[in-house]
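Residues take their numbers from the sequence shown, with the count starting at 1.
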Amino acid sequence: MTDRAHGRAAYQVLVLPYRHTAQGIRYALLRRADADYWQGISGGGEDDETPLTAARRESAEEAGLVGGHEVVLLDARATIPVVDVTGEFSWGPEVFVIPEYAFSIHVEESELRLSEEHTEYRWCTREEAAGLVRWDSNRTALWELDYRLRHSSAHAAI
């Protein structure tokens, strides 16, 4: 995580907002404005941020989630081609892939405040969300989070 390009750390974060409703657990997905696909909150670390700090910042910037929301690191990890992140070899010709760290964020409110990076959001079941997302890493993290939430003994922090 020490390689830097244009103030960006060489990693990505994925943050999955979730909430409990009378109909069950729902997950928020955001539709990207520049590429027209669905995903969780995502972005890169800046300067010397830790992945957790980047996850909190991206949640605030992209969805308006500020304050005391619980953010939990998931076990799901992925590696992403750098050209899928920045469109070029931003961290030099020897850096081909960077890690993606997945997090969950528990929210009570149903309304998100989107940045210009996204055109809309949708609250979905896990099955609906898995069918909408573009990236396998999002599906894996959704599965893990859903399993943990449905089997509370699997992770006390969630």
Side-chain angles (χ1 to χ4, degrees), residues 1-19 25-66 69-107 112-149 155 158:
M1 288 189 296
T2 57
D3 291 329
R4 305 276 179 240
H6 312 291
R8 290 185 62 143
Y11 68 85
Q12 285 286 105
V13 295
L14 167 66
V15 185
L16 298 173
Y18 73 92
R19 65 187 181 107
I25 304 164
R26 296 295 183 262
Y27 304 92
L29 294 181
L30 292 69
R31 184 190 295 261
R32 287 202 57 92
D34 62 349
D36 193 34
Y37 61 81
W38 293 92
Q39 64 182 45
I41 297 165
S42 68
E46 295 179 355
D47 301 317
D48 292 325
E49 279 184 321
T50 66
L52 176 60
T53 302
R56 290 179 197 268
R57 179 185 47 74
E58 290 289 346
S59 296
E61 289 176 3
E62 293 188 11
L65 298 173
V66 295
H69 298 284
E70 181 181 27
V71 178
V72 175
L73 176 66
L74 300 174
D75 290 340
R77 300 284 188 284
T79 53
I80 303 171
V82 297
V83 295
D84 287 347
V85 176
T86 62
E88 59 187 333
F89 287 91
S90 300
W91 294 276
E94 300 300 319
V95 180
F96 296 97
V97 297
I98 59 172
E100 177 185 67
Y101 300 93
F103 295 85
S104 67
I105 185 167
H106 182 227
V107 298
L112 303 179
R113 290 187 317 275
L114 297 181
S115 71
E116 68 282 349
E117 291 182 43
H118 301 94
T119 59
E120 63 181 308
Y121 66 92
R122 182 184 300 181
W123 288 100
C124 309
T125 66
R126 187 198 61 83
E127 293 80 9
E128 291 167 335
L132 286 171
V133 295
R134 176 178 182 175
W135 307 106
D136 286 339
S137 65
N138 284 218
R139 275 185 279 286
T140 300
L142 278 163
W143 178 89
E144 177 190 348
L145 176 56
D146 190 71
Y147 187 90
R148 287 176 179 262
L149 292 170
H155 193 290
I158 296 179

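From Glu100, atom CD reaches atom OG of Ser42 across 7.5 Å, with rounding to the nearest 0.5 Å. Once rounded to the nearest 0.5 Å, the distance linking CZ of Arg122 with CD of Glu128 reads 8.0 Å. Within the model, atoms CD of Glu58 and CD1 of Ile105 stand 11.5 Å from one another, a figure rounded to the nearest 0.5 Å.
Checked by atom type and distance alone, the side chain of Glu144 pairs as donor or acceptor with a backbone atom of Asp75 at under 3.5 Å. Remark: the backbone N or O of Arg8 is not paired with any side-chain donor or acceptor of Glu46 at under 3.5 angstrom. In this structure, the side chain of His69 engages the main chain of His106 through a donor-acceptor pair within 3.5 Å.
Using a 4.5 Å heavy-atom threshold, the side chains of Asp36 and Arg31 count as touching. Taking the side chain as every heavy atom from C-beta outward, Arg126 and Leu16 never approach each other to under 4.5 Å. The shortest side-chain heavy-atom distance between Leu65 and Val71 does not fall under the 4.5 Å cut-off. Side-chain contact between Arg26 and Thr125 is present, with heavy atoms from C-beta onward closer than 4.5 Å. Here the side chains of Leu30 and Trp38 are not in contact, with every heavy-atom distance at 4.5 Å or above.
Using a 30° and 60° split on the angle between ring planes, Tyr18 and Tyr27 fall in the tilted class, from 30° to 60°. Relative orientation of the Trp143 and Tyr147 rings is parallel, given thresholds of 30° and 60° on the angle between their planes.
Every residue two or more places apart in sequence or in another chain that forms a side-chain hydrogen bond (donor to acceptor under 3.5 Å, both in side chains) with Arg139 is listed here: Asp136. Every side-chain hydrogen bond (donor to acceptor under 3.5 Å, both in side chains) that Thr53 has, sequence neighbours left out, goes to Thr50.
Exactly one of Leu74, Leu52, Leu145, Leu14 qualifies for a side chain to side chain contact (heavy atoms under 4.5 Å, CB included) with Phe103. That residue is Leu52.
Within 6.0 Å of CZ in Arg113 there are 12 or fewer heavy atoms belonging to other residues, nucleotides or ligands.
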